[in-house]
There are 2 protein chains.
Amino acid sequence: MTENGKSARKGPEAKRARRKTAGSEGPSTIRDVAAKAGVSVATVSRTLAGNYPVSAETRARVMTAVKSLHYVVNVHAKALSGGVAGPVALVVQDITGPSLTHVAAGVEQEATARGRLSLVCSTHGDTAREDDLVQLMREQHAAAVVIVGGVVPDDAYHRRMADYARALDAAGSRLVLVGRPSLPAGLPATVVEYDNRGGAFQATSHLLAAGHRRILFLAGETGFSSSEQRREGYKDALNARTVPYTPELDIPGLYTRTSGYRRVRDALDAGLEFTAVFAATDAVAVGALAALREAGLRVPRDVSLVGFDDVPFAADLTPSLTTIRVPYEELGRTAVRLVLDREESIAPDDHVVLSTQLVIRESVRPPR
Amino acid sequence: MTENGKSARKGPEAKRARRKTAGSEGPSTIRDVAAKAGVSVATVSRTLAGNYPVSAETRARVMTAVKSLHYVVNVHAKALSGGVAGPVALVVQDITGPSLTHVAAGVEQEATARGRLSLVCSTHGDTAREDDLVQLMREQHAAAVVIVGGVVPDDAYHRRMADYARALDAAGSRLVLVGRPSLPAGLPATVVEYDNRGGAFQATSHLLAAGHRRILFLAGETGFSSSEQRREGYKDALNARTVPYTPELDIPGLYTRTSGYRRVRDALDAGLEFTAVFAATDAVAVGALAALREAGLRVPRDVSLVGFDDVPFAADLTPSLTTIRVPYEELGRTAVRLVLDREESIAPDDHVVLSTQLVIRESVRPPR
DNA sequence: CTCGGGGGAGAAAACGATTACTCAAGGGCT
DNA sequence: AGCCCTTGAGTAATCGTTTTCTCCCCCGAG
């Protein structure tokens, strides 16, 4: 008691050595560091944060202890006491697609630049899973939940997104819709779109300018947002040149290579006449190319072809594919930037539309 | 005091309403729920966990409160008290490449299936950044840190990986090397490889079996692990058929389309003779294809071509590319599975080699 | 009629950091 | 000499949950 009384008056060894009696069990805590350095936990915390005067000698002792114990802070504890910025979550159907990958890269890039972690989750089109993910992200205190990809904008969709927006907002997070139809004003969500209509307009106009009049449009699924917007662009371009819109040349389907292949093969079998094809996606264009070639038609000599997306391999096809470049990476970066800027109340921009761009390669030529 | 005394004796409203006087500030806590339901926080926690007897009536009250307050647990608090499994981190140079994407998909899939979050981080080849990420993942209490991609296995590399392995191990995490050279035994790391040598052996043998003798090998960078292993496979296959290895046919370079293009163009310009090309990567093969075509050579009529990786567009080239399939997705899944199984001390398997497979398409034909 | 036991609920101690308070010592002033 | 301010350090409250103790009540057995 006597010798204890002396050191207990001020010494930091007050109630140390509570339970960590055994040797090396689990990662070391700030208390271990404090013990080793012979200072209080507060001093360790402050030394590491570097926001408080600490004598050089103390700092050295602390740093030595930190090194020798391989100490790292526990994020959870840190977060609990308020010092950690939430991560950014990216929710996609499937990371594998070339365009989604670029969005992911953009998100990761911007998140990292701002000191956030980025989580990647895929839904595989399962809305229940999407619900779960939103819940999970609320738990994680995600700064932003970025959902990417076109959809069929029906009532159920709008209800779900409205719920997400409100739920995330209540948890201090924010919903970001990328390449998806925007929500009614007033809902706490950020939307980053790209100009589907304009892109399709440019693509179609490019074919029209080359002299094509019967342009096969390989659309996406009926009702699917991006597909409908691209169709509008296609129609508008025809209209602008007073070329009549022919419904039989407008064939819906999937955004896949196989679908493109089948539709062109069937169209040729049915004797449909056209001199150019505008595929709603590069993948569809690849399928179309295969079907045309199989039918003995040469691209671009016999039929011209334009895609949409400008995926990396578009330039490597034979012929290289004229297509519409979508700024996927920029889309991802913008999504994150908008939300994080808003957190610092810099620029409360809520809805951005990025433009698309025609990339001219070899797959278009005037009709014979 | 009098009426207070009665309720204070047992009522849960003991020291509630501490500060949350104002209306809606921030997400609601378990205390808010407890208050609203008129029970203690312990009861709420137990009701939600469902691991303790709770009367039906109480449960109903709690659930109602949870719903109306849109309550979600705070992961950090939960993790702090020990109830949360750490995430799985994937560290790559650049998520954009088609193969890395598949690894990521595999990791995400397996992590999700086991209730873990997956973090994706890219280094862009910066080792300092890699160091930071390992540190960060220790803080995050990541269950596994999966690092993907070939490297030059020099001393510095081994030192760095050994440090990572130990640092992560000390933090209760685990280093997983995917498609990278393994570490000296005894180091706490898990390695998941695929059979580069075997794949190259198959590819080369396929060409030899078709009758080719002078096979141009477009390698990767000298010293780069996967490239060296693929070279070994190439040499072994030649050896097995007693075809001499000709150094001038073995040209190192980058794993890029452009590099493949340049090397083949230069080889043709230099008058080098060969009837087949084995590209160490599909991207390189695409470049080679372009150069051959530009020189008026037809594939596979004049020159045969084999790639490595089986990226998705390999099947869409003209001609479709014969190549070596690497089980990228399986690589990612295995990495996660091995570590998580080990955590449950099921099967402490530490080193796995997945096999590769020859995919025969149209780009190979006997020499003329 | 008492006592053991189980169901149901609350109080309080972790979990690992951060940070508002306190407090002591020493230096510059008046 | 007395006082205030700056430096440097420790104490303890707090963050939101989980979980271990307690405790109470009621029921059935002896």
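Letters go in sequence order (proteins before strands), and every chain restarts at 1.
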Please report the distance, rounded to the nearest Å, between [atom1] in [X] and [atom2] in [N].
| X | N | atom1 | atom2 | value |
| --- | --- | --- | --- | --- |
| A:E139 | D:dG16 | CD | P | 15 Å |
| B:R59 | C:dG7 | CZ | P | 14 Å |
| A:H76 | D:dT18 | NE2 | P | 14 Å |
| B:R61 | C:dA9 | CZ | P | 8 Å |
| A:N51 | D:dG8 | CG | P | 14 Å |
| B:Y71 | D:dT17 | OH | P | 3 Å |
| B:L80 | C:dG16 | CG | P | 7 Å |

What's the closest nucleotide to the side chain of [X] if the choices are [options]?
| X | options | result |
| --- | --- | --- |
| A:Y52 | C:dC15, D:dT19, C:dC21 | C:dC21 |
| A:V73 | D:dT19, C:dC15, C:dA17 | C:dA17 |
| A:N74 | D:dT19, D:dG10, C:dA17 | C:dA17 |
| A:S40 | C:dG7, C:dA17, D:dG10 | D:dG10 |
| B:S55 | C:dA9, D:dG8, D:dG16 | C:dA9 |
| A:R31 | D:dA9, C:dT18, C:dC15 | C:dC15 |

Sugar-phosphate only, base, or nothing, as touched by B:S45 at under 4.0 Å among non-hydrogen atoms: base

Touch class at under 4.0 angstrom, heavy-atom based, for B:V62 against every strand present: nothing

Presence of donor-acceptor pair under 3.5 Å, side chain of B:R46 and base of D:dT20: yes

Qualifying residue for side chain to side chain donor-acceptor pair (under 3.5 Å) with B:R342, from B:D350, B:T190, B:D349: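 So, applying the side chain to side chain donor-acceptor pair (under 3.5 Å) to B:R342 and each of B:D350, B:T190, B:D349, only B:D350 qualifies.
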
Residue mapping more 5' on DNA chain C - nearest nucleotide basis, B:E57 or B:G82: B:E57

Residue whose closest nucleotide on DNA chain C lies nearer the 5' end, A:V41 versus B:A77: B:A77

B:V191 and B:L183: CA distance, side-chain angles, deciding distance, side chain to side chain contact (heavy atoms under 4.5 Å, CB included) verdict: CA-CA 8 Å; B:V191 177; B:L183 268 29; 5.7 Å; no

Exceeds 12 heavy-atom contacts within 6.0 angstrom, atom NE2 of A:H70: no

Of A:A42 and A:S81, the one whose closest DNA chain D nucleotide lies more 5': A:A42

Candidate pair A:V73 and A:I30, rule side chain to side chain contact (heavy atoms under 4.5 Å, CB included), full reasoning: CA-CA 7 Å; A:V73 292; A:I30 196 173; over 6 Å; no

Phosphate OP1/OP2 of D:dG10: any A:T43 side-chain N/O under 4.0 Å: yes

D:dG8 phosphate, OP1 or OP2, under 4.0 Å from A:T58 side-chain N/O: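 So the side chain of A:T58 is outside the cut-off, no N or O lying under 4.0 Å from OP1 or OP2 of D:dG8.
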
Side chain to side chain contact (heavy atoms under 4.5 Å, CB included) between B:V103 and B:V92, intermediate numbers included: CA-CA 10 Å; B:V103 177; B:V92 297; over 6 Å; no

Stepwise side chain to side chain contact (heavy atoms under 4.5 Å, CB included) test for B:M137 and B:C121: CA-CA 10 Å; B:M137 291 313 134; B:C121 313; 3.9 Å; yes

